[in-house]
Structures are given as structure tokens and as C-alpha cells.
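This report refers to the structure that appears directly beneath it.
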Amino acid sequence: MEDFEPTIIAFVCNWCTYTAADLAGTSRQSYPTNVRLIRVMCTGMVDPKYIIKAFLEGADAVLVSGCHPGDCHYINGNYKARRRMKLLKAILPQYGFDEKRLKLTWIGASDGIQFARTIRDMVSEIKELGPNEAKHAAVV
Amino acid sequence: MKPKIGRALVVGGGISGIRAALDLAETGYGVTLVDRAPHIGGVLSQLDNQFPTNQCGMCKMLPLVERDAGSQYCLRKGLFHENIDIRLSTEVVGIEGEAGSFMVRLREQPRFVDPEKCIGCGECAAVCPVDVADEFNAGLSERKAVYLPVPHMMPNTYVIDPAACTRCGECVTACPTGAIRLFRQGRQDFGVLVVDDEYTVRDSIKEWLVEDGFSVETAGSGEEALDLMKKQPFKMMLLDIKMPGMDGVEVLKKTMETFPDMAVVMMTAYATVETAVEAMKTGAMDYLMKPFDPEDLVSKVIDVYEIQEASRGEEVEAGAVVFCGGTEGYDPSTGKNTFGYKKFPDVVTGLEFERLISGTGPGGGQLVRPSNGEPVRKIAWIQCVGSRDLQTDADFCSGFCCMYAIKEAMLAKEKGPEDLDATIFYMDMRTFGKTFQRFRDSAEKDHAIRFTRGRVHTVYLDEKTGKLMISYPGENSQRIEEAFDMVVLSTGQQPAGGMDKLAQTADFDLNQWGFALAEPFAPSKTKREGIFFGGAFSGPKDIAESVISAGSASLCASVALHSAGRGMAEVTGDAPEYIDVSIQAPKVRVVLCECGSTLPGGIDMKAIAADLKTDPVVENVFTIPRICTTEGWDLLVEKAKAKGYNRLLVGACMPYAHARRLKELGEKVLMNPVLMEVEDIRAPAFRYADAEASYIQKAMERNLRSGISRLRGVDPLPKTSVPVARKALVVGGGIAGMTAALAIADHGYPVTLVENDPELGGNLNWLARTIEGYDVHAFMDSVRQRLEKHPQVTIHVDSSVMSAFGEVGNFFTTIETGSQSSVETLHHGVAIIATGGGEAPANMYSHGENDAIITQKELEQKVSDKQIDVTSMDTVVMIQCAGSREEPRNYCSRVCCASTLKHILHMKKENADLSIYVLYRDMMSYGFSETWFTEARKAGAVFIPYTVDKKPVVSVPGDGSNVKISAYEPLLDANVEINADLLVLATGIVPSLPESLAAAYGAHVDADGFFQEAEPKWRPVDSLKEGVFACGIALSPRSVTESVATAEAAAQRAMRILTKSALSRAGVTARVRQSLCSLCERCIDVCPYGARSIDLDLQKVIVNAAMCQGCGNCASECPNSASVVDGFFDGRMLDMIDMVIE
């Protein structure tokens, strides 16, 4: 368990969090190597099945991150994402996934530091939680 | 067919410059956008949060139709548009010619770092020995002399600050790409002549300059200097003014005759400064005051040398010039500085506060005291620092500080400890904008921010506690002393530096405070035709007003370009016909940049290439030493030209910076740019700086694989488009509607204007004069006459809109005219709503019970009809905010305070002995109308503040005697009673926009009945539904001139659509797979742009490709996966998830 390095899939919106991640990179904010970014136009575009797919493929955690409430480039996509994530969190345990493995955050374009911090925090939380064992057990 | 386009020059790349440039570019013009700073974005590059959302959202300014012409990423990161050519570190030095054909001379400051070669690696900054204050963090942190002006911006090329740079050359050696040049080598050829009658002076100057590498000759007199000049060439002369025999000025004159290009710097003692200034008019470049510091002198010579040798001049042709130069923040350390700014570290300006709480700020967003790093628990804002202050020569209101202080107080509450105490000390809270009053109320009620009235004059330090002390008058005029951890000075706006020179260069006038002076009723027009102002250049403005003003300026520029025949005439030359790859199996060619030798050691590009080749979809993998250089790019083009593939993946750095180049590449190799991607392989090396090379290599490979899987899923669709009916409909014939109609008609497009009343003009029919004394009726008549004669305008008076439907490009409106009910249906591409508003009914303060109680409108009418004789009166009382700024009409009507001031000054002129009392809550004399407020007080009008819970009481005696007004006077702490001959109520403005009218066009009205704009700051005249715009009072209360600005801005937004015969579909757009669609209509509900509708005849859900923004909310909402977004199909997304997890 000592060597466990979680794999985190992050669905980040094109306008805010992707920019923040890029800023974290260009401003040399070093953060754990565990995160894999998938850029989407809006968090409202993230279909719950992408998240379930990520867990099934072996992701130890999934981050969905977009613009702050009221700041969505597409007016209200982040609110829709918030609604969907809430529902998804409710049903995830039925598939055998701990709902703590799914996280929704708002990280604005200038919050490079915040992005790096979020990833760091998430890695240590998931390390505590242990690997996603359910991926082997889940039956779809 | 490529259109032949006119070109406009936009000066200033702040928010208004960006808006003006984008507006013109979207309309189809070419734009040269220049900024003297090394970055665009102006002050907004430093601000993360804007009121009233307290977020950013600047990206909402980006093009919505024809999106693919511009960048699709955070606008604070950078701007790209195929019609905009951005020139940074560039100034305008001359404008010759006339509207339609200006020749603008630009001068680019010396480029020490070649932006083509710089890869933003930062090796230069790492070795730079100089530390100076960082402007980006408002001086709160330090940077090097070679630095990134805005760390988050693209392209991230370093620049050198010549004033701070010591030319030590360390960076030149460190730069891995050889991008830095310091121009030291050329100094030997730069001849300097020093002319002074004192031997010691000229000899020591020579010594200093020779030490710095210049070649120097000296002359002891004017005659000797002129002789020397004949013998050998000089580039520069340092010339003493006071010399025996021929004096400096005469030498200068003679020199200018024969060597007009010589850079002459005069040297003078204090007594002859005026002569030196005179000399500058004769042709001297500058002057130096004796005795001078050797460093100043040498750096002056270096400056001149670098400007002459390294700066590049250029001439640009432009049909119109828009100045969006913005303003500067007031520096509180100048003047008396009673607030101890720069003396006490915990006293900061508003901008510094924004930097302190920013994630990119000096403290990484922690709200701590700069003095000791402890958390801030108690914080105060002091308003009107450098505004509304005669002592700093600022008898104007900066207009935006009240709102930003409230915003900052809210942010402090959010970022600081839970019990943080925030207080705002103010004179008047000027919440005059739309929704501002409710914002303020919410700050007070929901966020517990304390608002304390009173002007704070001093901040001092309590040495024992280390706290900042503020004393202010409390209730009953008792002095209260209070300690704070931090004090924020709400500094105002000042004219930008160099306004005088620019005004001379461009030939426009300045007002008494040094802002650009606009023409009456034409907020963007200068006295010189073809030259316009946008944004705060012509007076302090907040973002929303700047955006409107920039829209107005770009409209004026567009009219100027159009009338000079530089419209959209078509010329031959084909748009690229991309090769159709739709039936080919995907074959990805990968080109990798080796990034010089700057990648961490141990990374094996060959191994990556070999690994990628095992993927059957990969056609081939090439490596190139450095793609970002010109040679590298040529190599890439060469690799791309060879056939055998249909998708191109470039592995390099900075994917943001490559958008424009990929488009060019696409045109060269006839490949749709959608089929090309840049994958960032440089970032893993930065991000995982501590990781082993093998790990970074793996991350790079993973990025490339996800790029490959993205490209594999791309399927370019044939370009569909939405046809545009190139006609406009304007509803409402007041000044806003008339202006908008004229503006569009002046571009040659037919406009129909519909007005309810039997005649045009709206409120201007009863309004006589403005506060400035401009004649409103003459203005209205001139607009109306032009409109009535215009061949492109059809006017329907006594008419109304019966019904309407449709979408951008194709609206259908049925108009009903007169009692005989003639009905006509129009087909038009855009709709502008300008239904205006009127004075709110007076149902308070006994209005209607006595003839002496009238409203402002009644007063205006009675004054112009001479029904009121002021000379026979003793006392007039005016009550402001009668029914305004409290629920249910909880908004400021903006015009009433200025109107009150206008009447006061008029009445006082007629009868100097007249007593005038104004009962007010906050005087909203924003901008330059503050001067009138000062004038009114000087004239003797008495202003008594009241609060909503202690309103004045009006009583009307039955015996016909004077009206009695009783009010609480806070300074006296007593009730006062006034007998008035006349009581004037400022009741404010109510809109007259029928909800059904807005709804017919898919727009909405807000809680107060005004038009709901798409976004209060970034899209202030648009509806969320594309193609519908609003202006004038329909939008929110505003003055005549402000209405004209919104009308022009709305017309400009409409022009973006009308100049195109069809709107084409962007690359990332949603569509419906009809065979899977169950017509549940959930996607229609979820679409924020109203881009979807159901066609009941066809039984299909239709997507309007021009309105769809590609957010994909419909796709995740759709239960059948029938709704899909191009480039983000489920298959592709799932494939990518697979790929990144391995």
C-alpha cells in the first residue's frame, strides 16, 4: 500500500480550470503526477457515463472542475454539472464505488495555485482511501 | 471569394480596445490593435473578479457567430482573431491624412527579446541580477529586468525593461535560443557631440559616455560645434543653452536646418527651463536639468541610442482610428498623502488589494497584512481618494470606486476569517448602474458590510498596537476613533500619461482635467473626422460603460470606413478548398518538437516516436529541432506537404499560441485545421519538475496518445450556414431607436423603424436642455430630419408590433399601423428594441394635492413654457429618490440628480436669493457632473441627506399657504421644517417595454421591467438570444448622450450579422442524430442560447448552427445520445478515457 499512486482523471472545462491547470504548469507550480486532464468545453458536457467509464477503466478518482457559479462561459452549464454530480454521487455506491472518489470543484482561470492545491489534497485523500478495488468487481 | 476590407486602427488594448477591435473584426474589417504596454488586457489582466457577479467572465466577449475566426480560450490568457493584427510595445507617433485614408506612423519600442525566438523558458530571468518592483502585482512583489509582463498570458515571451536593465549580458549567454540582443555593440558607431562652454562639464560627460561605449566629441562653443558637424556625422548632441556668443537655441536652429534627424538634448540650469521647453518646440528631443546625475545622463543617451537604433518605425494605412487609451489609477503617495500610503505597509490601494487576494498575486491569494503576515480581521475602505477632491484637481467622480469597494469588501469576507469586519467610509455610495443598488443592499444585509458616511481625512499608525487608526464623525457629530488591520484606498481614475502629446499628434481636444473631449451628444466623436474615442479615455467609466462606449466608437469607425468606400466590396481570390477526407480511414502524422536542448536530460524522443509508430492509426512520426523558430516552422510545413496522411498532430509547447499558425498551415496544405492539433509535450516537464525523466517521458507519450485518439474521432462536416435577411427592425422611435436606425441605414442596409406615438422623438420632445446647456430639440430635429430623408429607412409611426417570431438572420414581425389597422409582415435579420421609458408616477409626498408639488418633468416643462416664475419665490425644496432606490423600484434612475443640479443652477441664475434645499440619499453626480454638484453648493444650495427610515414628511395646509417639509438634519441632529413655494420630486424612470414584446423575440425583461441583457458587463446591449439587441432606456435609465452610446453599440452588434449573407457553422457545434431522437425536448429546455427548436411539421429537433455555442449541455442531457457535439462524440470521449488510463 505504501507505493500506491492513485490515478486521477480530471474533466476540466476549456474556459476556467483548463486555463488554471495550464497556468499552474507555466508558472512552474509543481503538483503530483497522478492527474490526467481531459479537456471538455463545459462541465455541463460531462456525461455521467464518462465518469463511470473512468472508474471501470481503473481510475482511482475523478475530478470534474469548471468555472465558479455565475461565471460559466455558457451561462449555467456548471449548475447543470453540479446537479448531475449530486445524483451520480448518490448512485455510485450501488456500483460499488465510494462516492468520495468523485469530486466537483470550481477553479477559475487565474487560480493556478488553487488547481495545484486541489490535486495535492485529492491525491492524499485517495491515498488514504486506497485503490479503486471495485473496478474488478463491478459488473456492467 | 474573399472580401476586400477596410482597416481600422485601435489604440489601446484594454477592455475597450479589445471590444472595439473585436466588434470591427467581427463586422469584417481588418484591425490593427496597438498598445504601448508589452501585453494586452490593460488593467483587467490584473483583476480576477468584477462586480456585480464578483467573478470574471471576460471570455463572454469573444465572438459568438463565426466563432472559429477567433480564439476559444480565456480572454485574459490572450486574444487571437484572424482579422486583428496585434502590435505590442508600440506607440502612435503621427496621424496624417483624413477619414477613410489615414496614414498612421507607429513606433515599436526596442525589442531586446525576439518574440519569434523566445520560448518562454525563463532561463534569462533565472540569471538576471536585477530586482525591481513588479507592476503586475502593483509593486507588491519583485521581478527581474527580463520578465513576463503578465505571467498567465500567451504568448509568454519575455521582455526587457530597458530602464532597469544594466546590460550586463548574463541573459544573452543564458538564452538557449539566442533570442536576446542588447544592442551594446553598435554604440561605438553612435557619435555624440557634447557642447558646453565649461570645460569640466563637457569633459566629464565625455568620460562617462566613453566608459559606456559611445564615441564622443566635445565643443566649447556653438561655432565650434557647427564646424565639427560639417566634418563628421553625429547622431546625437548634448547642447548647453547658456553659452557666450552663439547660444544653445541658435545652435539648435542652425542644426535643425541642416541635420533635421539629429537627436538634440538641451542642458539647462533651472533659470532657463522655459527656454528649454521652447527649444523642444524648435526640434529638441528633451532636456536635462543641471546639475545632473551621471546615471541619468548616460541612461538618457542610451534611451536615445536604443530608440534610434533598435526601435522600428512603420506606417499603417487605416480608414479610421479609435483611441481606447484608458486611464491611470491615482497615486495617493503624491500630494499631501494624509493616508500614509507607502509609509504604512498596511495602507494599500484598491488595485493592490485585488493583487493581494489574487491567486496569481504576491501572497498566492491569502488575505494577510503586508506588514507582518498576520491575518486581516478588520479592514476599512476609504472612498474618493483622488476623486471628488479639489485639492488633487479632481473635481470629478471616478464612477466605479464605490462598486469596486463593495466588491472588494465582499471578497474580503469570502477570503478572510469568518469574523472579518469590513467597513466602507463614503460620502455618497454611487450605485447608479443597473442592479448596483441591490448589490449594495445585499452587501449591507447579507454580508454584514458596514457603510459609514463621512470623509476620512487622516490615517495614522498606533505605534503600540501596530494598528491603523481612523477617526471619523459618528452620530451626534461625535468623533470616533477606530483601529483597523488594513486600510484600502479606493483610488480613482486619472487621465492616462502622455495625453497632451497624443492629443497633439492626433489633433483632438482635452477637457479641463485632461481627458479626451467628445462632441456634444456624440460620446465617441472627436472634432477630427475619422478619429474616435472608446472607453474611459474620454472620462472615467466602469467595464460595462467602457464596453458600450467601445461599441459606439467602433460603430462610428465603421460608418467612417463605409462612407469612404472601404466597405465590404468583394474581390477575387478563393477561400481555401480543403481536401475532403470524410471517406478516408484516419491516418495520423505526428511531428514532434525537440524543444532545442531545453527538455530535461534523459528524455528519449526517438523512443517516443518508435512507441507511437506501433499504433496502426499513426502514419509516421517526425522530429524537428525547434518548431517555434522560423526555420523549424518551415520544416514543419515541408513535412506537412508530403502526402499520405489525413490528420496532423504536432507535439510542441504552448498549444494556445499555435491556433493562428495551424490555420495558415491548413491553407497551405489544403487541410481543414480541425484535423490538426497541437499537443502540449513541454508541460509535463514543468509540471512534474521533481519527477524522473522516465516518468516525464511517459506523461509526454500519454499526452500524445490522447491527442491521437482525439484526432481519430474528428470528422469534419460540410460547412452549413444560416442565411441572413440583411434588414433590421428597430422598435421605438426615441433618440436611441432613431440613432440605431440611422447607424445601420448609413451602412446601406434597409431599416424599418416602428414607433407607438404619432411622432418620433420620445422623451426628447419635452426635454429642453442638458446640464451642459446643449440644445436637445435642435439635436433631435437634426437626427429626425436625417432619418426621414434617408432612402434606406422606412418609418411606421402610430404603429406597434403585433407578433413576431424567428431566430437570428430570419425574424418575421407583423406590424399594425393606426386605427385603420393596416397590417404588414416584415422579414428581417436583427431586431433592436428601443422602447424607452418615462418618468415614474408620483404617488408619494402629497403630489397632486397642491399645485406647488410637482415632478422633475413637470418642472422642466413649466420652466421652458415660462409657467414658473422663480424670481417671485423664496424657497424651493427638492426631494431626490422619491420612490426610487427602494423596493419595489430598487434601482437608481441616474438622470435625476444631474437634472436637479441643472435646475438649481438655472434657478439660482434667475434668482440668486432663492433658497434651495435638496433632500437626498446619495447624490449620484458621477463622472464630470460632479463639477455641477460643486457649482450648486457654491451657488448656495443646501444639501441635506436623509435615509429611507427617516424620510422627509410633506404636509399641505388646507389654507392655501406654503407646503411644509419636515426633515431630519444629521449635522444638527434635529428636525428642520421648511416652508416651500415649490416642492420638486425626483421620481425616477420606469421602462415601457412590454414583456410580450421581448418574449416574442426570445428575450426577457428583468425584475424591474428593463431589458435583460445577456451579461451586465461583457454583453451589455445583447440579449442571450442572438440577433436581438436593446438600447436606450429600454436597457436601463440613462441620459441622452448615454442613450446615443448604447444605440450605436447595439447597431454595431447588429452590423456583425448584417454584413454577412450567411452565418456559417463553427467547428464545435451540436447536432441531432434524428434516428435516435425521441422528441423529448429536454435538449431544448437545457440550451442556454435558445438555439434549439422543434419543427412540428417535420417532427424534428432543429439546431440553429449560428446560435449554438457548442457547450454540449444538450449532449449530456440527452437520454438517447441523439444529441452530439462535433469533436466530443461519446465514442471519442470514451476512447480518450481509455487512452489516458492505459
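Chain naming here is simple, since letters A, B, ... match the order of the sequence lines and numbering starts at 1 in each.
- In this structure, A/R39 CZ and B/S706 OG are separated by 10.0 Å, a value rounded to the nearest 0.5 Å.
- To the nearest 0.5 Å, the span separating CD on B/E1117 from CZ on A/R83 amounts to 6.5 Å.
- When A/D47, A/N76, A/V40 are compared by the number of non-hydrogen pairs under 4.5 Å with chain B, A/D47 comes out ahead.
- Heavy atoms of B/L1024 lying under 4.5 Å from chain A belong exclusively to its side chain.
- Both the backbone and the side chain of B/D1130 come within contact range of chain A, with heavy atoms under 4.5 Å apart.
- Here the side chain of B/D1138 pairs no donor or acceptor atom with the backbone of A/E57 at under 3.5 angstrom.
- Residue A/A54 comes nearest to B/I1137 through the heavy atom pair CA-CG2, 3.6 Å, listed as atom of the first residue, atom of the second, then distance.
- Panel note: side chain A/D71, backbone B/Q55; no donor-acceptor pair is recorded below 3.5 Å.
- For the set B/G359, B/C1118, B/A1115, the count of heavy-atom pairs under 4.5 angstrom toward chain A peaks at B/G359.
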Next item on the list: Dump the intermediate steps for side-chain contact (heavy atoms from CB on, under 4.5 Å) on B/L62 and A/W15, then the final yes or no.
Entry: CA-CA 12 Å; B/L62 287 168; A/W15 301 93; 3.5 Å; yes
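- Counting heavy-atom neighbours within 6.0 Å of A/K100 NZ, excluding the residue itself, gives a total of 12 or less.
- With chain A as partner, the option from B/M58, B/E1015, B/K77 having the largest number of non-hydrogen pairs under 4.5 angstrom is B/K77.
- Side-chain polar atoms of A/D22 and B/Y73 form no donor-acceptor pair below 3.5 angstrom.
- Between the side chains of B/S1116 and A/K49, no donor-acceptor pair of N or O atoms lies under 3.5 Å.
- In this structure, B/K60 contributes its side chain and A/C72 its backbone to a donor-acceptor pair below 3.5 Å.
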Checklist line | Derivation of the side-chain contact (heavy atoms from CB on, under 4.5 Å) call for B/C1111 and A/M41 | finding: CA-CA 6 Å; B/C1111 69; A/M41 295 313 286; 5.6 Å; no
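- Listed options B/A1014, B/C1114, B/P1088, B/G122 were ranked by heavy-atom pairs under 4.5 angstrom with chain A; first place goes to B/P1088.
- Of the possible polar contacts, one joining the A/K80 side chain to the B/V1086 backbone as a donor-acceptor pair under 3.5 Å is found.
- Residue contact with chain B, scored on non-hydrogen atoms closer than 4.5 Å, involves the side chain of A/A109 exclusively.
- A distance of 5.0 Å separates CE of A/M45 from CZ of B/F1128, quoted to the nearest 0.5 Å.
- For the atom pair A/I38 CD1 and B/I1141 CD1, the distance stands at 7.0 Å (nearest 0.5 Å).
- Within the model, atoms OG of B/S358 and CG of A/D111 stand 7.5 Å from one another, a figure rounded to the nearest 0.5 Å.
- For the set A/I9, A/V46, A/L23, A/T19, the count of heavy-atom pairs under 4.5 angstrom toward chain B peaks at A/T19.
- With a threshold of 4.5 angstrom between heavy atoms, B/L148 does not approach chain A through any atom at all.
- We find the CZ-CE distance between A/F11 and B/M1136 to be 8.5 Å, quoted to the nearest 0.5 Å.
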